[in-house]
There are 2 protein chains.
Amino acid sequence: MSYKIKSRIWIESENNVLLGEGRVHLLKAIQETGSLSKAAKSLNISYKKAWQLLDSVNKSAKKPVTINNIGGKGGGGAELTDYGKSLVMAFDDINKNCWAFLDQQLEKIKHL
Amino acid sequence: MSYKIKSRIWIESENNVLLGEGRVHLLKAIQETGSLSKAAKSLNISYKKAWQLLDSVNKSAKKPVTINNIGGKGGGGAELTDYGKSLVMAFDDINKNCWAFLDQQLEKIKHL
DNA sequence: TTTCGTTATGTTCTAGCAAATATAGCGAAT
DNA sequence: ATTCGCTATATTTGCTAGAACATAACGAAA
């Protein structure tokens, strides 16, 4: 059996984590469900944890990543801003490229 | 202030971590000091933690990464095998390249 | 003005991980 | 055969991140 190279990347802003794999999952789930609580359920994490993550994302980002509507018809909801969508897309792109890069670096330890 | 991309890479073998940044630091300290206990001191971690890390490394690797001498003149000691040295060098090289790669990917989020 | 499903937040409990402590075992050299 | 400094391992203690639980606030619609 051969060795494997694994990696994790994340984007930071002023020493705070802005986006990592977990946060991106959450944002995508919000985009799909239209609400933070539904997104939390779909990811099998507590609402509180989801809220804390999202709060941290919005506080670290230069511009709002989601619009959160409180109260009103249906109780409210949350949705990604265009800025949020472009952040998610950029992260996915860079992450995918990183995998490909490391896959190519794997050659260097194949013989070990 | 601009966003930054951070990363962490590691090498796995059969779903066990073989080498990460911490383990590489430990191996380098062993190389410099000639003993596991001195290496632990120099890294400010407990001997036990250092031993557990090293044990895990040697159990995950295909060939021994260190030779541990127990008892004898000076009480014993530990040193890297040639195989261990080449693993450390390969990791450092890949890690360095990964930084450079991500630095270049940074362009993609510069405008965000 | 009551209902509803959400967002928003505080508080308590717990399990798992890290640190601290203790001790056994080893073998060359004197 | 005793000393020495190291490797090897068990046990206990302490801490902290996360889970679980609880509840307040909100605003449109009926």
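Source: prediction; values computed, not measured. Every chain is numbered from 1, with letters handed out A, B, ... down the list of sequences. These values consider heavy atoms only, across backbone and side chains, with no hydrogens, waters or symmetry-generated copies.
In this structure, A:Ile67 places its CD1 atom 13 Å from P of C:dT7, rounding to the nearest Å. Atom CG of B:Leu36 and atom P of C:dC26 are 18 Å apart (whole Å). Per the geometry, CD1 belonging to B:Ile45 stands 17 Å off P belonging to C:dT21, to the nearest Å. One can place CG of B:Leu53 at 15 Å from C1' of D:dT7, the figure rounded to the nearest angstrom. For the pair B:Lys41 NZ and D:dT7 C1', the interatomic distance rounds to 13 Å; values are reported in whole Å. Note: CD (B:Gln52) to P (D:dT9) measures 11 Å, nearest angstrom. The distance between atom OH of A:Tyr47 and atom P of C:dT6, rounded to the nearest whole Å, is 10 Å. Across the protein-nucleic acid pair, B:Lys49 atom NZ and D:dT9 atom C1' stand 18 Å apart, rounded to whole Å.
Across all their heavy atoms, B:Gly20 and B:Phe91 have their closest contact at C-CZ, 3.8 Å. Between A:Tyr3 and A:Leu112, the closest heavy-atom pair is CE1-O, 3.9 Å. The minimum heavy-atom distance linking A:Ala78 with A:Leu36 is given by the pair CB-N, 4.1 Å. The two residues A:Pro64 and A:Thr81 have their closest heavy-atom pair at O-OG1, 2.8 Å. The two residues B:Ile9 and B:Cys98 come nearest to each other via the heavy atoms CG2-SG, 3.9 Å.
Contact annotation: A:Trp51 side-chain N/O to C:dA8 OP1/OP2 distance is under 4.0 Å. The phosphate of C:dG5 has neither OP1 nor OP2 within less than 4.0 Å of any side-chain N or O from A:Ser37. Contact check, B:Ser35 against D:dG5: no side-chain N or O comes under 4.0 Å of OP1 or OP2. Between A:Asn68 and C:dA8 there is a side-chain polar atom (N or O) within less than 4.0 angstrom of OP1 or OP2.
More than 12 heavy atoms of other residues, nucleotides or ligands shown are found within 6.0 angstrom of NZ on A:Lys62.
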Between the protein and nucleotides 20-22 of chain D, are there any N/O to N/O pairs under 3.5 Å, and if so, what are the atom names and distances?
none

All N/O contacts under 3.5 Å from nucleotides 24-29 of chain D to the protein, with atom names and distances to one decimal?
from   : atom 1 : to      : atom 2 : distance (Å)
D:dC26 : O2     : A:Gly71 : N      : 3.3
D:dG27 : O4'    : A:Gly72 : N      : 3.3
D:dG27 : N2     : A:Gly72 : O      : 3.3
D:dG27 : N3     : A:Gly72 : N      : 2.9
D:dA28 : O4'    : A:Lys73 : N      : 3.4

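One N or O on the side chain of A:Arg23 and one on the backbone of A:Val17 form a donor-acceptor pair closer than 3.5 Å. Checking side-chain atoms of A:Ser60 against main-chain N and O of A:Ser13 turns up no donor-acceptor pair under 3.5 Å.
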Check step by step if side chain to side chain contact (heavy atoms under 4.5 Å, CB included) holds for B:Leu27 and B:Leu19. CA-CA 10 Å; B:Leu27 292 181; B:Leu19 272 192; 3.7 Å; yes

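Residue contacts for B:Asp55: at a heavy-atom cut-off of 4.0 Å it reaches no nucleic acid atom on any strand shown.
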